[in-house]
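Below is one structure, written out as structure tokens, with a few remarks after it.
Everything numeric here is computed off the predicted structure, so don't read it as measured data. Residue numbers start from 1 in every chain, and the chains themselves are labelled A, B, ... in the order their sequence lines are given, proteins ahead of strands.
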Number of protein chains: 2
Amino acid sequence: MSSGKSSAWVTSADVARHAGVSRSAVSRTFTEGASVAPETRAKVLKSAEALGYQVNMLARSMIQQQSNLVGVVVSGFDNPFLLSLLGPLTHQLALRSQAPLLMDASEPEQLSNSLRQLMQYRISGVILTSGTPPIQLAKEYLRLRIPVAMINREPLLEGVDVINSDNRQGGALAAEVLCRAGARNLVFLNVVTGTLSPSARGAAFAKALAGQVRRGAVKLRQATAGGVSYAHGFEAARQLFAEPSARPDGVFCTNDALACGLIDGARALYGLRVPEDVKVVGFDDIPMAAYEAYALTTFRQDIGALAERAVACLAERMGAPDMPSRTLELPVSLVERRSTQIPSIESTESAKAPVRRRRLVSPPV
Amino acid sequence: MSSGKSSAWVTSADVARHAGVSRSAVSRTFTEGASVAPETRAKVLKSAEALGYQVNMLARSMIQQQSNLVGVVVSGFDNPFLLSLLGPLTHQLALRSQAPLLMDASEPEQLSNSLRQLMQYRISGVILTSGTPPIQLAKEYLRLRIPVAMINREPLLEGVDVINSDNRQGGALAAEVLCRAGARNLVFLNVVTGTLSPSARGAAFAKALAGQVRRGAVKLRQATAGGVSYAHGFEAARQLFAEPSARPDGVFCTNDALACGLIDGARALYGLRVPEDVKVVGFDDIPMAAYEAYALTTFRQDIGALAERAVACLAERMGAPDMPSRTLELPVSLVERRSTQIPSIESTESAKAPVRRRRLVSPPV
DNA sequence: CTGAAAGCGCTTACAG
DNA sequence: CTGAAAGCGCTTACAG
């Protein structure tokens with residue numbers, strides 16, 4: 001409007017003047033559940049519209065000692081599963097008119113800085129995604145009475161809500177699927193980092209197999225990959241398949257990337273076929289699990305529900321900071337693909353045969 | 001300290017009292033480049049430390065009519081390349097003590113809401129990542145004199161900086177690589193959405209081939225996939241390979257996901273071999289491009305540099321909102337893998353042969 | 001270099 | 001339901 005350099009945002013006073021009411025009335029109009037007469041409200045809305053007014057959240061948040069910002073802490077941006085959580089989280093927060101302030105917890109020396117930065121914005125809560133962000137972080141927030149929700153973490157801390165996929169269910173099902181497919185010499189491929197999800201999955205897997213192991217019907221051992229990625233899975237293939245006399249015929253990998261790497265390693269290094277020579281099960285159902293080249297049987301985590309529950313828990317805790325901790329376990333769903341199913345017809349490269357092998361193999365949408 | 005319920009954040013007044021100085025002195029101590037005597041500064045710092053004081057960014061930002069928040073707009077969280085940008089962006093922003101406010105622009109009806117939300121926090125800038133966020137959005141911000149930087153977009157708007165990967169370089173190189181590999185019947189696989197990157201890549205590809213096409217040395221046509229994902233690539237295989245007499249022997253796909261889908265489709269539906277029957281080149285170098293199952297020749301975008309430049313451009317523009325637009329083209333690097341290289345030895349499934357085919361096939365780190 | 005004072009844009013008892 | 005006034009925690013001329 002004016003030719004001055006400043007951006008000249010419209011303020012509530014401008015709207016009040018324009019509408020012939022007080023600033024209080026303007027404020028009330030834009031406050032959920034405040035008492036304002038319908039006509040007043042209408043006038044204010046009209047003026048606000050005309051002037052292009054928007055509440056200055058900075059000022060509102062200052063007054064209320066709390067913003068609508070929620071810290072979303074990711075440790076490392078290299079985990080496809082974690083990244084897939086970002087979309088649903090953003091969406092769920094938006095539904096409650098909150099906004100995600102992204103923070104990277106992967107670099108330890110940068111951590112306390114980022115922590116401070118979040119606090120400086122008086123965030124109304126923090127969501128810690130699975131993996132390695134130190135539990136110490138959660139404690140700091142707790143001390144400041146900032147609500148914390150964690151996804152796929154061990155429920156160790158009093159006062160924080162934990163939303164997990166049901167790893168035990170997955171582990172048990174993995175055992176069932178592999179046994180049903182005829183595997184008898186089994187391996188659980190774990191990762192070195194001792195985070196919750198992998199160990200819970202492995203423990204449930206072992207437990208489900210315990211009876212058969214005791215009877216000598218199946219063999220089970222555990223192997224450890226150097227990390228969570230494809231490359232580590234590829235390397236793990238050497239560990240598992242180098243000795244022809246001791247090759248497992250069924251492997252449950254603690255995540256999909258590892259499983260894809262393992263499959264490729266088994267194929268490229270030792271010419272093994274999946275599922276004929278070795279059956280493989282993963283966890284997460286990342287996009288490439290559905291790729292024809294892997295067609296990996298795996299467990300889909302319900303990222304939508306994880307995000308929804310996390311945001312909901314956080315919201316409830318904002319209202320009642322001292323409510324007791326909750327731990328939720330959300331069901332996972334088994335996605336059976338070719339990596340555990342020996343096709344009924346011959347499956348080897350029969351050139352030119354435009355066969356679609358089975359329902360689940362069709363390309364994902 | 002007190003037993004009251006409120007969180008009782010420490011304020012600058014508390015620090016001032018504790019240090020025996022004015023609130024102005026405290027403020028200056030925490031303001032970059034403000035003039036304050038070393039001893040005063042020391043006293044303040046000591047008291048702040050003792051009390052656990054941190055500047056309330058909400059208040060500071062309100063005064064300064066601008067926060068340290070930067071809007072990061074992503075349209076759809078299903079694009080692995082875009083997600084890979086998030087890490088570097090967060091990092092670069094942190095280096096300048098700014099923080100990314102994440103926003104999803106994929107749902108049109110939610111768009112203006114999110115837009116408003118960002119403005120309400122008086123963000124100091126916006127980064128639009130590649131893809132479909134409507135250009136309209138950029139205009140809105142521009143009108144409000146909020147600096148805008150776009151990554152991998154067409155440089156159409158005066159006043160916004162655009163940071164792109166050099167698609168032309170990539171397109172030209174793709175032509176060279178495919179021809180060198182012996183392909184003569186070429187296809188460029190585009191996507192329906194008319195965004196910049198795909199068309200620029202295709203145009204450069206075509207231009208590089210123009211001479212040979214004219215001489216009749218190679219054939220080139222364009223095909224269009226229904227979207228950018230693996231599934232669309234898989235479907236595109238039908239389009240390209242259904243007719244045995246008209247099969248291309250070289251395909252340049254506008255992105256990696258599409259290329260992986262195409263490869264799987266060619267293999268699964270028609271028993272074709274890559275690279276023996278058809279050579280494939282992608283773009284982006286997403287993680288799965290390196291997987292043994294695809295070993296896809298592709299172009300790596302320098303996501304670190306894209307992020308760094310975008311954040312830097314934004315920062316400069318904050319100081320000088322009226323500076324002329326800039327368009328940067330960052331070099332891409334060719335990553336040659338098996339999908340364009342016929343192995344010198346026989347490459348088919350010779351079971352049990354622990355061959356590592358070539359340098360570039362080794363698992364990624 | 002320093003402090004007292006005004007002001008940023010909002011919300012919230014308070015009194016009506 | 002409404003408005004005048006106080007106050008949130010900070011920065012910034014201003015005068016010294």
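Heavy-atom distances to DNA chain C give each of Ala25(B) and Arg60(A) a nearest nucleotide, and the one nearer the 5′ end belongs to Ala25(B). Position along DNA chain C of the nearest nucleotide to Arg28(B) versus Ile63(B) favours Arg28(B) as the more 5'-ward residue.
A donor-acceptor pair shorter than 3.5 Å can be found between the side chains of Asn152(B) and Gln301(B). Side-chain atoms of Ser325(B) and Glu158(B) include a donor-acceptor pair closer than 3.5 Å. Between the side chains of Gln117(A) and Ser97(B), no donor N or O sits under 3.5 Å from an acceptor N or O.
The gap from the C1' atom of dT12(C) to that of dG16(C) amounts to 16 Å, rounded to the nearest Å.
Residue contacts shown for Ser35(A) include a base, since a base heavy atom lies under 4.0 Å away. Heavy atoms of Ser24(B) sit under 4.0 angstrom from at least one base atom.
The side chain of Met62(A) has dG9(D) as its nearest neighbour among dT2(C), dG9(D), dT11(D).
Of the possible polar contacts, one joining the Thr129(A) side chain to the Val73(A) backbone as a donor-acceptor pair under 3.5 Å is found. At distances below 3.5 Å, at least one donor-acceptor pair connects side-chain atoms of Arg317(B) with backbone N or O atoms of Gly159(B).
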request  = Could you walk me through whether Glu140(A) and Arg143(A) pass salt bridge (charged side-chain N to carboxylate O under 4.0 Å, His left out), step by step?
outcome  = CA-CA 5 Å; Glu140(A) 292 279 5; Arg143(A) 204 172 47 76; 3.2 Å; yes

task = Applying side-chain hydrogen bond (donor to acceptor under 3.5 Å, both in side chains), run through Ser61(B) and Gln66(B) and close with a yes or a no.
result = CA-CA 5 Å; Ser61(B) 302; Gln66(B) 183 178 102; over 6 Å; no

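Atoms CD (Glu32(B)) and P (dT12(D)) sit 13 Å apart, rounded to a whole Å. With rounding to whole Å, Met57(B) atom CE is found 20 Å from dC8(C) atom P. Going from atom CD of Gln64(B) over to atom C1' of dG7(C) covers 14 Å, rounded to whole Å.
With salt bridges taken as basic N to acidic carboxylate O contacts below 4.0 Å, one links Arg145(A) and Asp322(A).
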ask   = In dot-bracket form, how is DNA chain C paired, counting a Watson-Crick or G-U wobble pair only if both its distances are under 3.5 Å and using | for bases paired to another strand?
value = |||.||||||||.|||

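A heavy-atom distance below 4.0 Å to DNA chain C is reached by none of the residues of residues 116-126 of chain A. Proximity of residues 40-56 of chain A to DNA chain C (heavy atom under 4.0 angstrom from any strand atom) is restricted to Tyr53(A), Gln54(A), Val55(A), Asn56(A).
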